[in-house]
Asks: 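Before I ask anything, here is the structure I am working with.
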2 protein chains.
Amino acid sequence: MPSSDPRPSVTPPMSKADYVYGVLAEEIRSARIPGGTALRAAAIARRLGVSVTPVREALRRLEKDRLISYEAHHGATVVDLGDDALEEFYGLRAVVEGLGARLAATRITPEELDWLRELHAAMARDAAGGRLDRLGEQSRHFHLRIADIGGPAFLGQHARAVHDSFPVPATASLWLDPGQVPHQIEAHEGILDALERGDGAAAERLMIEHVRRAGEHRRDNPPTG
Amino acid sequence: MPSSDPRPSVTPPMSKADYVYGVLAEEIRSARIPGGTALRAAAIARRLGVSVTPVREALRRLEKDRLISYEAHHGATVVDLGDDALEEFYGLRAVVEGLGARLAATRITPEELDWLRELHAAMARDAAGGRLDRLGEQSRHFHLRIADIGGPAFLGQHARAVHDSFPVPATASLWLDPGQVPHQIEAHEGILDALERGDGAAAERLMIEHVRRAGEHRRDNPPTG
DNA sequence: CGAACCTATTTCTTATACGTTATAAGACAT
DNA sequence: ATGTCTTATAACGTATAAGAAATAGGTTCG
């Protein structure tokens, strides 16, 4: 990955609520905590060595992320979404990130394009070298960066919200399938070319097809776990 | 509005956190609390007669709604979004609700279509009778219901999140402009016809055009506040 | 005169205690 | 024997208070 990621490398001291939120979000998104699991605030507080107050705040945030459902006086439960939701997830990602790509084509700067090209080259190197384990996370950065460029004020954050609101076990990543990786790399390259040409319509179409294809592959190849 | 709204008419006792959240969300979305305002938790707690604990939970939820921004040890600030965000907001709504309409065309039931037709008839009556003040809220139900029908498991909730994540002063509603109302009513009717025909492509196209047009009108007619 | 530092104040952040509600097991009446 | 009511328990919801961090104002040193 390029090193010019603008996020601060020295993170401010994390509050305990942020810490709890980060831990639980990662465990739920990676499906290490499976859907349907009941989350008891007191137990989480004991496990992470904090009181229940920051745990409650973390649970409220996860509820807004649609990763847990909350019922008054009953507790929190990790959401359990079926195949219908999976199809909607990829359909929504397609149109949202497609819009981001279309807008990005008209306002991307050479520096931003270089950053994406660098990231893409790193992915191509990893793919050629068989280092498939990093590709999923790098692809996430690729997609969300384009959405941020196309819609820095509003769209990018919503694209991130959509992207992070669906629990996907790591074993379900398209990028772990050696037969699929070349096609994905090629799709990314086509999108980059469209962005460089300033061809918003093509960028949108290619992004939509790319994400839809990922959804179809995910549907036909359920996670092994 | 039709009376067959499936939500329970007897609402469970609202928690204080829900109460605080509801009050603040309404005040921010209606722009009664303008963008850039600093929100102090203790002051809110005093004003609403609760302690800071439920206030903090409400603020965390509003942060996830992107109605406020939160900075550690500094406090919450009502978001202040510019014209760029406005354009992104309507663009995002267009593609998300367009996808909802496309999916809805293939799975809408006669009962659901009847409900929408009833709502539409009520809007047409109010429009003809000059009762423009209700149209904005009714239109919100119209759009979100279609999204819920098209994507009941996932898409509908995200459409709602997008719709509610942008502060729009009541004075900015398209539906208060008597010159625009007939066009909007006509657009809704065209969408309903496409849904009835099961023509997903047309429903998506019409919904996108409808929302985009609303965004353009909003851009050319800033709120009078 | 300006910049850096210290301190007082304000506000957020967390922990703890108490009240409230849901759930399930057991007793009682039918 | 079954259905309902009672009660015990466990979990959530809220208030309060103590602790931590950031900001502003004044002071001191260069």
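Order of the sequence lines sets the chain letters (A, B, ...), proteins ahead of strands, with each chain counted from 1.
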Asks: Measure the distance from CD1 on I68(B) to C1' on dC12(C) and round it to the nearest whole Å.
Replies: 13 Å
Asks: Just how far, in rounded Å, is P of dG13(D) from CZ of R61(B)?
Replies: 10 Å
Asks: Tell me whether the guanidinium CZ or amine NZ of R29(A) lies under 6.0 angstrom from the six-membered ring centre of F166(A) and within 45° of its axis.
Replies: no
Asks: What's the closest nucleotide to the side chain of A41(A) if the choices are dC12(D), dT16(C), dT13(C)?
Replies: dC12(D)
Asks: Taking atom P of dT21(C) as reference, at what distance in whole Å does atom CE of M14(B) sit?
Replies: 14 Å
Asks: Between atom CD in E57(B) and atom C1' in dA15(D), what is the gap in whole Å?
Replies: 13 Å
Asks: Between D18(A) (CG) and dT14(C) (P), how many Å, whole number?
Replies: 8 Å
Asks: Measure OH/Y19(A) against C1'/dT14(C) and give the value in whole Å, please.
Replies: 16 Å
Asks: Would you say the side-chain atoms of H143(B) and H210(B) include a donor-acceptor pair closer than 3.5 Å?
Replies: yes
Asks: From the set dC12(C), dA17(D), dT14(D), return the single nucleotide nearest to any side-chain atom of R40(B).
Replies: dC12(C)
Asks: Taking OP1 and OP2 of dT14(D), is either one under 4.0 Å from a side-chain nitrogen or oxygen of T53(B)?
Replies: no
Asks: With a 4.0 Å cut-off on N to O distance, would you call D177(A) and R218(A) a salt bridge?
Replies: no
Asks: Does a salt bridge link R219(B) with E87(B), judged by any charged N lying under 4.0 Å from a carboxylate O?
Replies: no
Asks: If you only use heavy atoms from C-beta on, which nucleotide in dG13(D), dA15(D), dT16(D) is closest to the side chain of V50(B)?
Replies: dA15(D)
Asks: For the side chain of H74(A), starting at C-beta, report the closest nucleotide among dT13(C), dG13(D), dT23(C).
Replies: dT23(C)
Asks: Relative to the 5' end of DNA chain C, which residue comes earlier, H73(A) or E71(B), by the nucleotide with the nearest heavy atom?
Replies: E71(B)
Asks: Which is true for L59(B) with a 4.0 Å heavy-atom rule: it touches a base, it touches only sugar-phosphate, or it touches nothing?
Replies: nothing
Asks: Tell me whether the side-chain N/O atoms of K16(A) come closer than 4.0 Å to OP1 or OP2 in dA20(D).
Replies: no
Asks: Calculate the interatomic distance between R56(B) atom CZ and dG13(D) atom P; express it in whole Å.
Replies: 16 Å
Asks: Applying side-chain contact (heavy atoms from CB on, under 4.5 Å) between L195(B) and each of I149(B), T106(B), I108(B), report the one that passes.
Replies: I108(B)
Asks: From CZ of R60(B) over to C1' of dC12(C), roughly how many Å is that when rounded to an integer?
Replies: 10 Å
Asks: Select one nucleotide: of dG13(D), dA15(D), dT13(C), the one nearest the side-chain heavy atoms of Y70(B).
Replies: dT13(C)
